[in-house]
Amino acid sequence: MQPRLTSATRKQQSGFTLVELMTVVVIVGVLSALAVYGVRMYIQSTKSSEAGAIINAIRAAQEVYRQDTFVYLDVSAGNYANLHPSATPGNFKRSWAGDGDSVATSQGFRELGVTVDSGVYYSYGVVAGRTGETVPTPPTEKEDFGFPETAEQPFYVVIAKGDLDGDGTFSYMLAHSMSSDVYIEREGE
């Protein structure tokens with residue numbers, strides 16, 4: 001014979017314990033944190049891909065310019081601080097048309113034939129020089145970019161500078177005429 005269940009006993013058997021509920025809450029919290037992290041990394045990756053695409057466009061335009069003039073165009077007047085569209089990028093898009101930070105750099109990109117239809121997260125610069133000139137060191141923490149101190153041929157260095165999360169720490173992407181590599185220095189690394 002089975003014992004008879006009262007309504008109070010049935011209520012105890014059909015519910016969840018506090019430990020079970022807390023376990024579910026912890027699992028949902030961990031999954032949420034992973035999802036937020038994944039979305040942030042995806043957004044940052046998307047922003048970084050902008051810089052890679054524009055750097056490649058600048059490189060192609062520099063090679064065309066050199067075919068016509070036998071030199072590369074120094075868009076940033078020999079100074080990595082002369083960036084376009086702004087010397088101080090943030091975690092928002094700026095119009096490629098610029099906000100007046102560097103009119104000469106803006107004109108240099110027009111002369112080079114590099115334009116962007118939408119806003120950009122990064123700011124861009126191109127330093128170029130001739131054989132025998134000193135190749136300026138970019139303002140990054142990385143020291144070896146694979147180019148000599150004194151240029152053995154005409155050169156250019158393209159730099160993209162961004163602050164993707166708005167904390168004042170900059171990400172850099174850099175490419176130059178002496179290698180097909182693109183060097184990346186991300187925030188926090």
Side-chain angles (χ1 to χ4, degrees), residues 44-90 93-164 169-189:
Q44 187 166 351
S45 172
T46 302
K47 291 176 181 179
S48 295
S49 66
E50 165 216 299
I54 294 175
I55 284 173
N56 285 331
I58 293 169
R59 292 175 91 170
Q62 281 286 16
E63 293 304 327
V64 169
Y65 189 87
R66 184 175 182 204
Q67 291 295 319
D68 293 341
T69 64
F70 304 107
V71 293
Y72 293 114
L73 181 62
D74 186 4
V75 174
S76 301
N79 187 339
Y80 294 114
N82 294 331
L83 300 174
H84 178 75
S86 170
T88 314
K93 284 189 170 187
R94 290 186 186 254
S95 169
W96 183 258
D99 57 8
D101 281 5
S102 179
V103 174
T105 303
S106 176
Q107 291 171 346
F109 277 113
R110 276 196 297 278
E111 184 178 347
L112 197 55
V114 176
T115 60
V116 177
D117 295 333
S118 63
V120 293
Y121 286 104
Y122 282 78
S123 293
Y124 301 88
V126 181
V127 173
R130 300 173 187 264
T131 303
E133 291 182 3
T134 300
V135 181
T137 304
T140 63
E141 291 182 16
K142 182 174 174 63
E143 294 179 15
D144 183 21
F145 291 103
F147 51 73
E149 189 175 310
T150 303
E152 299 165 0
Q153 60 188 5
F155 71 91
Y156 67 83
V157 179
V158 181
I159 190 167
K161 176 182 176 184
D163 183 6
L164 302 180
T169 303
F170 296 107
S171 294
Y172 293 94
M173 291 182 107
L174 183 133
H176 56 82
S177 59
M178 296 159 268
S179 170
S180 61
D181 295 335
V182 175
Y183 301 91
I184 301 171
E185 184 176 296
R186 296 193 189 273
E187 295 178 4
E189 288 185 4

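The shown structure was predicted, so the numbers you read here are calculated from the model rather than taken from an experiment.
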Glu152 meets the side-chain hydrogen bond (donor to acceptor under 3.5 Å, both in side chains) criterion, sequence neighbours left out, with none

For Ala160 and Ala51, which heavy atoms make the closest approach, and how far apart are they? CB-CB, 4.1 Å

Rounding to 0.5 Å, atoms OG (Ser76) and OH (Tyr156) come to a distance of 13.5 Å

Find the distance between CD (Gln107) and NE2 (His84) and round it off to the nearest 0.5 Å. 10.5 Å

Can you name the side-chain contact (heavy atoms from CB on, under 4.5 Å) partners of Thr140, sequence neighbours left out? Pro138, Lys142, Phe145, Tyr172, Glu185

Where is the tightest heavy-atom contact between Ala77 and Asn82, given as atom of each residue plus distance? CB-ND2, 3.9 Å

Provide the closest heavy-atom pair for Gly108 versus Leu73 in the form atom of the first, atom of the second, distance. O-CD2, 3.4 Å

Side-chain contact, heavy-atom cut-off 4.5 Å: Pro89 with Val120? no

Counterpart residues, side-chain contact (heavy atoms from CB on, under 4.5 Å), relative to Ala57 (two or more places apart): none

Please say whether more than 12 non-hydrogen atoms of neighbouring residues, nucleotides or ligands are located less than 6.0 Å from CD in Gln153. yes

Using a 3.5 Å cut-off and no angle test, enumerate the donor-acceptor pairs between side-chain atoms of residues 123-132 and protein atoms at least two apart in sequence or in another chain.
residue, atom, partner, partner atom, Å
Ser123, OG, Ser86, O, 2.4
Tyr124, OH, Glu50, OE2, 2.5

About how many Å separate OH of Tyr122 and CG of Leu164, when rounded to the nearest 0.5 Å? 4.0 Å

Nearest-0.5 Å distance, CD of residue Gln62 to CG of residue Asp74: 8.5 Å

For the student: nearest non-hydrogen atoms of His176 and Arg59, plus distance: O-NH2, 3.2 Å

Of the non-hydrogen atoms in Ile55 and Leu174, which two are nearest, and what is the gap between them? CD1-N, 4.4 Å

Please report the interatomic distance OH(Tyr72) to CZ(Phe155), rounded to the nearest 0.5 Å. 11.0 Å

Side chains of Lys161 and Tyr80, heavy atoms from C-beta outward: is any pair under 4.5 Å? no

Using every non-hydrogen atom in the two residues, find where Pro85 and Trp96 come nearest and quote the distance to one decimal. CB-O, 4.1 Å

Report the residues that fulfil side-chain hydrogen bond (donor to acceptor under 3.5 Å, both in side chains) with Thr137, sequence neighbours left out, ordered by chain and then residue number. none

Return the set of residues passing side-chain hydrogen bond (donor to acceptor under 3.5 Å, both in side chains) with Glu133 (not counting sequence neighbours), or none when no residue passes. none

Residue pair Ile54, Val158: steps toward the side chain to side chain contact (heavy atoms under 4.5 Å, CB included) verdict: CA-CA 10 Å; Ile54 294 175; Val158 181; over 6 Å; no

Indicate yes or no for a side-chain donor-acceptor contact from Asn79 to the backbone of Ala81 under 3.5 Å, with no hydrogens or angles considered. yes

